[in-house]
Amino acid sequence: MDLLTELALDRIGFGLACVANLFFFLLTLATRVKNLPRSLLLAWSLFNTVWAAYYMLTGFAPYVTPVSLLLELSRSLVLLLFLLAALGSAEQSLSVLLKKRSVQLLILVISCWGVLSYLQLISMNLIFTGSLAICVLQLALLETMYRKAAANRWQYKPLVLGITVCALFDFILLAESALFGQVDNQLWSARGFVYAAIVPLLIISVRRVQAWGINVYVSRDVVLQSSLVLAAGIYLCLIAVAGFYIRYIGGTWSNLLQTTFLVLGFAMLAVLLLSGAVRRKLKVFIEKHFFANKFDYRVKWLELTRQLQLVDISKSDQYQTILQTWINSVSYSRGCLVKLEGTSALTTLARINRPALNNNETELLQQYVKHFAGKNWIVDLADKKDPFCQKQNLNDIDIQLIIPIHSDNELWGLCLLNAPDVDRQYLNWELRDYLMLVAEQISSYLQLMQASQKLSENAQFAAFSRMSAFVVHDLKNIKAQIDLMLTNSVKHRTNPEFINDSFDTLAAMQQRLQNMLSQLSSKRAESSQDTRISISSVVREVITQRCAAKQPVPQYNVSRDAELLLNKERFASVLYHLIDNAQHATSSDGTILVNVNCDDTQLYISIRDTGCGMSAEFISERLFKPFDSTKGNAGMGVGAYDALHFARQHNGQLQVESTEGVGTTFTLILPLH
């Protein structure tokens, strides 16, 4: 109790200020560059350290002893010189600064004032007033520095703020002292705490100011151990204070309660310090919040994206490029990309700077799949503390990192990486998170690449199927011509004109079959051969030669004929599809009317039937959808789609008007020019 009573608050504050300024001095001493502002800042922090240590050890009031007077004026003068140097060029030397008239006058005035104060030729009120004037000058220079910082204001703001707090506190302290002729004890006791509290602001500013960049590395283990010791010290202090109050209020049971509390407190501390989980969590917390990241994730992400853009799915080395991208992401030298087939079979997709997987490696990977198939877990085989590694035979294993690749929550494959011992990365939380990020990105790209390959294959099959559907439609047209020719042959087989027409029809069918075979072999449509044709003649030919064998037979009317430059066979096929659809939708006793008309700019071909009609929903959702037919196996569902495509291909339109139970009208509109 006597020790606590004798330990004054002002000494505690100056002790904290001494330690804080000493730490700031050592940290600034390790900066990369050497210039005048940095040197004067070092001198000021050193003077502050000595100044705080003096008051901590002696307990004297300021300005009452020659030493305190010398320390107060010296640190104020060094601070003024630092502010003047910071306002000028950082490249100037001390000699250049001291040659300035204003600086020489400042040093002379403060020196004379110090001599007068030392010899006690002036009263204490004047001494406080003179120091108060120095505080005003410091505040003026700080305001000038803040304004002059301009674009670099963000760098200097913590420094200006910290020193301004000290100057304002000294201004208040000295103003009251000059008024009453003595220092206020409560304000004086707080002075050391204020100077200790502003040191973090100075450290932040030194880190920000580019000319004073700190280049100090402190080991994570050192910080961890220091943090544990500091936490233990704070914990013990809290236990001691709590034990003191228990003893103070405990009455006759005080000794028992205090002893029990202290024993339990020390036991709790031992459990916490010896707990591996607590130590690991504290280490991760320190690494995340007190150390810079090992990777510049923005740069790494851009590099990864650029390298993935080099992957060409049409080439055979696509997996090789992806593996090289993965290796480059962690600066390793060799690796292997493996795909899981079934439950345990492994297929090597790519490997770089390493031989094929041997039996031991294959068995190891199968064990990994068995243990971690449902977990997104990276294994470091160089970690001897890993339970999985302890159970495996690692002889003849050229693998360090096993990184899983997942697709739809299932294990798709593995990426195996390794490097020489000097280049290996230690698998901590940061590297694990980074590798998981890379794995997610590359895994998504792999899935996209495989989906693109399947889509390309499906597109080829779809193109072939589409071509086949149109060929089947053409075959139906040919069959309709054959049926019509056979029907007419019963009556006209002895008619020479019929025989001539039959041979012409057979020749046309032979040409169409030749075109279809050519399309199937090349998997693309034959290039159109446009000729100028009479629309009415084509309509008449389609009705009489292709549609006359089915009831009801269409009627046609030509209001005004026109000639267009079209592919005759394609145009005739489109007309046949539309008329054939009308015949399927209309009963045998119904009517179908085909009308041809035109104006000065457009041709109109309308096909009107009295069939079952269609709903608006069917027209919007199914009518022009390819391979969707209402005819069952008798249709391919491409007639209306082909007609719409033909109209749009020739800058025309295909209009549909239909009422259920009444009938449908298709109107094909084509421009004349």
Side-chain angles (χ1 to χ4, degrees), residues 295 300-370 372-381 397-420 423-425 427 431-432 434-461:
F295 301 100
K300 288 291 186 180
W301 186 266
L302 289 175
E303 290 179 354
L304 180 64
T305 303
R306 290 192 186 103
Q307 291 184 12
L308 287 177
Q309 289 176 348
L310 300 177
V311 179
D312 188 352
I313 62 175
S314 63
K315 295 183 179 180
S316 59
D317 62 345
Q318 50 188 306
Y319 292 111
Q320 200 81 1
T321 306
I322 289 177
L323 178 59
Q324 187 64 60
T325 299
W326 216 321
I327 290 175
N328 294 340
S329 66
V330 287
S331 300
Y332 270 32
S333 59
R334 56 186 184 272
C336 184
L337 189 62
V338 178
K339 183 180 180 182
L340 181 65
E341 304 286 353
T343 57
S344 60
L346 300 172
T347 301
T348 301
L349 300 179
R351 51 189 175 90
I352 295 177
N353 297 330
R354 60 151 296 150
L357 296 175
N358 56 42
N359 294 333
N360 289 344
E361 291 172 337
T362 302
E363 183 178 353
L364 173 68
L365 297 181
Q366 290 174 345
Q367 289 296 321
Y368 174 88
V369 172
K370 181 179 179 181
F372 301 107
K375 302 176 182 178
N376 202 5
W377 187 250
I378 299 176
V379 170
D380 182 6
L381 297 180
I397 299 295
D398 187 18
I399 302 171
Q400 183 213 346
L401 300 175
I402 304 178
I403 306 173
I405 306 171
H406 282 83
S407 174
D408 297 330
N409 297 324
E410 293 184 357
L411 186 62
W412 182 89
L414 303 170
C415 180
L416 317 174
L417 301 179
N418 204 355
D423 296 329
R424 284 184 175 178
Q425 303 273 5
L427 190 62
L431 181 59
R432 187 180 297 276
Y434 171 67
L435 288 175
M436 291 303 300
L437 176 68
V438 174
E440 289 290 339
Q441 177 71 1
I442 295 182
S443 174
S444 300
Y445 197 87
L446 281 170
Q447 307 315 314
L448 179 62
M449 187 176 68
Q450 288 196 334
S452 298
Q453 291 175 339
K454 291 181 179 179
L455 184 62
S456 177
E457 293 175 358
N458 291 337
Q460 292 179 0
F461 280 110

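Predicted, not measured: the structure shown is a model, and the values here were computed from it. Residues: numbered from 1 along the sequence shown.
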### Query
Can you find a heavy atom in the side chain of Leu340 that is under 4.5 Å from one in the side chain of Leu414?
no
### Message
If you define the side chain from C-beta out and look only at heavy atoms, does anything of His406 sit under 4.5 Å from Leu411?
### Response
yes
### Ile405 CD1 to Glu410 CD distance, which is reported to the nearest 0.5 Å
14.5 Å
### Task
Taking the side chain as every heavy atom from C-beta outward, state whether Leu365 and Leu416 have any atom pair closer than 4.5 Å.
yes
### Message
Nearest 0.5 angstrom please: Cys415 SG to Leu349 CG, how far?
### Response
10.5 Å
### Task
Calculate, to the nearest 0.5 Å, the distance between atoms OH and CH2 belonging to Tyr368 and Trp377 respectively.
9.5 Å
### Task
Looking only at non-hydrogen atoms, find the nearest pair between Ile397 and Leu364 and report the distance.
CG2-CD2, 3.9 Å
### Task
Search all heavy atoms of Asn358 against all heavy atoms of Asn360 and return the closest pair with its distance.
OD1-N, 3.1 Å
#### Entry: Non-hydrogen side-chain atoms of Ile402 and Phe372 separated by less than 4.5 Å
no
### Task
Work out which heavy atom in Val438 is nearest to a heavy atom in Ser329; give both atom names and the distance.
CG1-OG, 3.9 Å
### Query
With side chains defined as the heavy atoms from C-beta onward, is the minimum distance between Asp380 and Gln400 less than 4.5 Å?
yes
### Message
On a heavy-atom basis, which atom in Ala356 and which in Arg351 lie closest, and how many Å separate them?
### Response
N-NH1, 3.7 Å
### Query
Can you name the nearest heavy-atom pair linking Pro420 to Ser333, along with the distance?
CD-OG, 3.5 Å
#### Entry: Polar contact flag, side-chain donor to acceptor under 3.5 angstrom, Asn328-Gln324
yes
### Message
Distance check, rounded to the nearest 0.5 Å: Thr348 atom OG1 versus Leu357 atom CG?
### Response
4.5 Å
#### Entry: Rounded distance [0.5 Å steps], CG in Leu435 versus CD1 in Ile403
4.5 Å
### Spacing of CZ belonging to Arg334 relative to CG belonging to Asp398, to within rounding of 0.5 Å
4.0 Å
